[in-house]
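The basis for the numbers below is simple: all heavy atoms, side chains too, and nothing from hydrogens, waters or symmetry mates.
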Amino acid sequence: MTLDLLATLDIVDDDVSAVVDAYLADPTSRMVAFGEGYRIDPAAAVASHPFARTLMDQPWAGDALRRAAVRAAILLAEPERT
């Protein structure tokens, strides 16, 4: 999972933030490259994370809460090695 890559420093926090930004800019975006040699599908990560998936459809959810939910989904997702 992405969280493991952070622990080993294969990716850094800025990489995760860039993926979150890409998803928030275009929720239909597919594979996004990040770190050194990894890619991830942020839309699939959000879709597979029950809290993030539900929260994104809530009109009362603010930007900070949406960002946190997408970040959680990204951290728990399985990135692909390129």
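Both Val32 and Met1 are assigned to one and the same hydrophobic cluster, defined by single-linkage of ILVMFWY side chains at heavy-atom distances under 4.5 Å. Under the 4.5 Å side-chain heavy-atom criterion for Ile, Leu, Val, Met, Phe, Trp and Tyr, Ile11 and Leu76 are members of the same hydrophobic cluster. By the rule that hydrophobic residues join a cluster once side-chain heavy atoms approach within less than 4.5 Å of another member, Phe51 and Leu3 end up as members of separate clusters.
Shown here are the side-chain contact (heavy atoms from CB on, under 4.5 Å) partners of Met31, two or more places apart in sequence or in another chain: Arg39, Asp41, Glu80. Checked against side-chain contact (heavy atoms from CB on, under 4.5 Å), Asp13 has the following partners two or more places apart in sequence or in another chain: Ser17, Arg71.
The salt bridge (Lys or Arg N to Asp or Glu O under 4.0 Å) contacts involving residues 14-25 comprise Asp21-Arg67, where partners must be two or more places apart or lie in separate chains.
When all heavy atoms are compared, the tightest approach of Tyr23 to Ser29 is CA-OG, 4.2 Å. The two residues Thr28 and Asp26 have their closest heavy-atom pair at OG1-OD1, 2.6 Å. Residues Ala73 and Ala52 share a closest heavy-atom pair of CB-CB, 4.1 Å. Closest approach of Leu65 to Leu55, counting heavy atoms only: O-CD2, 3.4 Å. In this structure, Ala61 and Arg66 approach most closely via the heavy-atom pair O-NE, 3.0 Å.
When side chains are defined from C-beta on, Pro42 counts as touching Ile74, because their heavy atoms get closer than 4.5 Å. Contact check for Pro27 versus Val46: no side-chain heavy atoms found under the 4.5 Å cut-off.
Annotation: the span from Leu75 atom CG to Leu5 atom CG amounts to 10.0 Å, rounded to 0.5 Å.
Heavy atoms from other residues, nucleotides or ligands lying under 6.0 Å from CD of Gln58 number more than 12.
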**Request:** Begin from the C-alpha positions of Glu78 and Asp4 and carry the test side chain to side chain contact (heavy atoms under 4.5 Å, CB included) through to its verdict.
**Result:** CA-CA 10 Å; Glu78 290 291 335; Asp4 296 333; 5.7 Å; no
